[in-house]
Amino acid sequence: IGEIQRFLRDDGTIKVSRSLKETNQKIRQKKDELSKEFGRTPSISELSEAMGMPKEELVMALEANQQPQSIYETVYE
Amino acid sequence: MNNYMKVEFVAKSENESFARVTVASFIAQLDPTVDELTEIKTVVSEAVTNAIIHGYDEDEEGRVVLECEIKNSEVELRISDDGHGMDNIDEATQPLFTSKPELERSGMGFTIMENFMDALSVTSEYGKGTTVIMRKKFNQNQPTCN
Amino acid sequence: MNNYMKVEFVAKSENESFARVTVASFIAQLDPTVDELTEIKTVVSEAVTNAIIHGYDEDEEGRVVLECEIKNSEVELRISDDGHGMDNIDEATQPLFTSKPELERSGMGFTIMENFMDALSVTSEYGKGTTVIMRKKFNQNQPTCN
Ligand SMILES: Nc1ncnc2c1ncn2[C@@H]1O[C@H](COP(=O)(O)OP(=O)(O)O)[C@@H](O)[C@H]1O
Ligand SMILES: Nc1ncnc2c1ncn2[C@@H]1O[C@H](COP(=O)(O)OP(=O)(O)O)[C@@H](O)[C@H]1O
Ligand SMILES: [Mg+2]
Ligand SMILES: [Mg+2]
């Protein structure tokens with residue numbers, strides 16, 4: 001139980017940026033799995049159900065690995 | 001870092017989760033912790049739900065306006081509606097007070113906003129509308145992990 | 001299903017990603033596929049980047065306005081700025097045309113918008129500003145399994 005409590009506490013204090021990136025990787029895996037299974041890309045609701053995650057969190061996490069595409073980096077790096 | 005956005009949307013309950021993501025993705029620039037973001041999303045839900053349900057009785061002609069301003073590490077949220085308004089703000093903001101017990105509302109909306117934010121102010125005029133302003137400082141303590 | 005939102009934000013490049021998530025979470029109501037959502041986010045990026053970089057030269061006094069309307073299964077996006085505007089829209093919308101080659105822009109923004117959306121219209125006045133309107137129908141094909 002102490003372990004779980006520590007896990008929960010750590011989970012709450014990690015930065016959103018890191019949490020979203022980790023979730024993003026899991027979503028990508030799940031998306032590939034479902035695409036193979038269905039023979040087409042899954043819808044947002046299918047993916048959110050498969051991930052056990054609300055649509056809104058899915059949408060935010062989907063953006064997480066897009067950051068390097070931001071014009072800031074395109075223009076200034 | 002300073003930034004500003006304003007979003008306006010139809011008073012439909014579907015837009016509560018839209019409002020939550022919108023604010024969350026704006027605040028994400030400050031790279032808060034998961035807990036801090038969850039708290040902000042909760043107060044946005046409470047204030048937006050109040051505007052939709054109490055302000056407009058879910059009348060889809062109603063428009064909710066949500067502004068978010070970032071000044072250095074402080075966030076100010078302003079949620080307003082031109083709906084029914086209230087005549088007794090002191091009573092309305094008491095814990096457990098609800099004017100819609102039939103909807104199984106908890107009456108804890110304002111109490112939650114007060115607890116999760118550093119400052120809360122409510123202005124309202126009966127028949128005119130309501131504005132809720134909340135403030136919170138982020139990144140008070142340096143990140144412990146990352 | 002009908003719905004409407006309007007968001008206004010400072011012409012800062014950080015807000016490009018904010019605009020993408022805002023539109024994506026609004027459109028999520030139509031239950032698009034992940035790929036459809038990616039396409040919509042791409043056109044939002046192109047139009048918002050243009051407003052910030054070409055319309056305002058990243059002047060943070062500038063405000064970008066993004067409206068999104070859902071009518072049944074059709075989405076209309078309107079992105080506008082009160083920036084520099086253009087005097088030759090035909091030339092500007094040609095593939096590979098860019099007025100800022102020094103920024104390594106590809107000149108493909110309008111071409112991408114045209115390809116990913118069902119309809120694109122651009123209005124602009126030199127010295128006044130620009131409005132881009134795009135439309136797309138979703139869920140053309142019913143889901144095959146569910
Ligand atoms: N935007 C608003 N417009 C009109 N009345 C409001 C608004 N927000 C809150 N109220 C009033 O304040 C009361 C308390 O709000 P709250 O603490 O969120 O509890 P609840 O929403 O569960 O009733 C509401 O029942 C309502 O009477
Ligand atoms: N919002 C805008 N305000 C002023 N000029 C614009 C705007 N959007 C596009 N333009 C003009 O149209 C040209 C082509 O745009 P685009 O196809 O997106 O290519 P790029 O952004 O790579 O230059 C730009 O280089 C610019 O001159
Ligand atoms: Mg409430
Ligand atoms: Mg462009």
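Naming convention: chains lettered A, B, ... in sequence-line order (proteins, then strands); numbering from 1 in each chain. What you see below is based on every heavy atom in this structure, not just the backbone, and it leaves out hydrogens, waters and symmetry mates.
- Residues C/Lys100 and C/Ile53 come closest through the heavy atom pair NZ-O, 3.3 Å.
- The interface of residues 21-28 of chain C with chain A, defined by heavy-atom distances below 4.5 Å, comprises C/Val21, C/Ala24, C/Ser25, C/Ala28.
- Considering all non-hydrogen atoms of both residues, A/Ile27 and A/Ala61 come closest at CD1-CB, 3.5 Å.
- None of C/Arg135, C/Arg78, C/Lys136 except one satisfies the salt bridge (Lys or Arg N to Asp or Glu O under 4.0 Å) rule with C/Glu69; the exception is C/Arg78.
- Classification of C/Glu8 and C/Arg63 as a salt-bridged pair holds, one side-chain N sitting under 4.0 Å from a carboxylate O.
- Remark: of the listed residues A/Lys30, A/Arg40, A/Lys55, A/Lys31, A/Arg40 is the sole one forming a salt bridge (Lys or Arg N to Asp or Glu O under 4.0 Å) with A/Glu46.
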(request) Could you walk me through whether C/Lys12 and C/Glu58 pass salt bridge (charged side-chain N to carboxylate O under 4.0 Å, His left out), step by step? (result) CA-CA 6 Å; C/Lys12 272 169 98 90; C/Glu58 297 187 68; over 6 Å; no

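- Listed options A/Pro42, A/Ser35, A/Gly39 were ranked by heavy-atom pairs under 4.5 angstrom with chain C; first place goes to A/Pro42.
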